[in-house]
Amino acid sequence: VKGRFFFPANNLVITSIDIQSVEPVDQRTRDALQKSVQLAIEITTNSQEAAARHEAERLEQKAKGALERQKIMDEAEAERSRKDLLELQANSAAVESTGQAKAEAQSRAEAAKIEGEAAVEQAK
């Protein structure tokens with residue numbers, strides 16, 4: 001046809017055809033085609049829903065993993081802080097008891113000195 005169709009009776013030339021729709025004449029064929037199209041749409045929809053569900057579950061698992069990892073890191077940091085606090089408390093208690101023992105020793109030494117000086121004064 002070479003892309004053109006010529007009617008010599010009225011000099012009509014057809015160069016292209018735009019087909020809007022094609023429908024089968026037979027009702028059974030039309031119904032079977034409609035059912036096939038609906039089934040294809042349903043299969044595609046189910047496939048997309050499954051893919052979306054799978055992606056959502058994957059993201060949820062990833063988020064849970066990150067949260068659990070952060071929780072473990074936070075607990076480890078809390079334990080380190082608790083250990084540091086206990087060490088500082090122990091050091092503080094040691095310094096306190098050392099200071100108290102030193103003060104008691106100094107007071108005993110001072111008392112002994114005073115007693116010694118008093119004894120010397122009495123002996124005179």
Exercise. After noting the C-alpha distance and the side-chain angles of D18 and Q20, does the key distance pass the side-chain hydrogen bond (donor to acceptor under 3.5 Å, both in side chains) rule?
Worked result: CA-CA 6 Å; D18 184 17; Q20 297 293 320; 3.0 Å; yes
Exercise. Between R53 and E57, is there a salt bridge with N-O shorter than 4.0 Å?
Worked result: no
Exercise. Would you call E60 and K64 a salt bridge, taking side-chain N to carboxylate O under 4.0 Å as the test?
Worked result: yes
Exercise. With sequence neighbours left out, what residues match F6 under side-chain contact (heavy atoms from CB on, under 4.5 Å)?
Worked result: P8, N11, V13
Exercise. Hey, is the main chain of A93 close enough, under 3.5 Å, to the side chain of S97 for a donor-acceptor pair?
Worked result: yes
Exercise. Distance from H54 atom NE2 to L59 atom CG, nearest 0.5 Å?
Worked result: 9.5 Å
Exercise. How far does CD of E75 sit from CZ of R82, to the nearest 0.5 angstrom?
Worked result: 9.5 Å
Exercise. Do E117 and E121 touch side chain to side chain, with heavy atoms closer than 4.5 Å?
Worked result: no
Problem set entry | Derivation and outcome, salt bridge (Lys or Arg N to Asp or Glu O under 4.0 Å), residues K83 and E79 | CA-CA 6 Å; K83 179 185 132 248; E79 283 299 317; over 6 Å; no
For this session: To the nearest 0.5 angstrom, please state how far the CG atom of D31 sits from the OG atom of S36.
Result: 12.5 Å
Exercise. Is there side-chain contact between Q38 and Q34, with heavy atoms separated by less than 4.5 Å?
Worked result: yes
Seminar exercise, completed: By side-chain contact (heavy atoms from CB on, under 4.5 Å), R80 pairs with (sequence neighbours left out) A76, E77
Exercise. For the side chain of T98 and the backbone of A94, is there at least one donor-acceptor N/O pair under 3.5 Å apart?
Worked result: yes
Exercise. Cluster question for you: counting only ILVMFWY and a side-chain heavy-atom cut-off of under 4.5 Å, with indirect links fine, are L33 and V25 together?
Worked result: no
Exercise. Okay, side chain of S107, backbone of E104: is any donor-acceptor separation there less than 3.5 Å?
Worked result: yes
For this session: Let me see the working for Q27 and R30 under side-chain hydrogen bond (donor to acceptor under 3.5 Å, both in side chains), right down to the final yes or no.
Result: CA-CA 5 Å; Q27 183 63 36; R30 188 179 306 145; 3.0 Å; yes
Exercise. Does the pair I72 and R69 meet the rule for a side-chain contact (heavy atoms from CB on, under 4.5 Å), with working shown?
Worked result: CA-CA 5 Å; I72 290 169; R69 193 169 34 255; 5.9 Å; no
Exercise. If you measure from CD on Q106 to NZ on K113, what distance do you get to the nearest 0.5 Å?
Worked result: 12.0 Å
For this session: State yes or no: do F5 and I19 share one hydrophobic cluster built from I, L, V, M, F, W and Y residues joined by side-chain heavy-atom distances below 4.5 Å, directly or via other members?
Result: yes
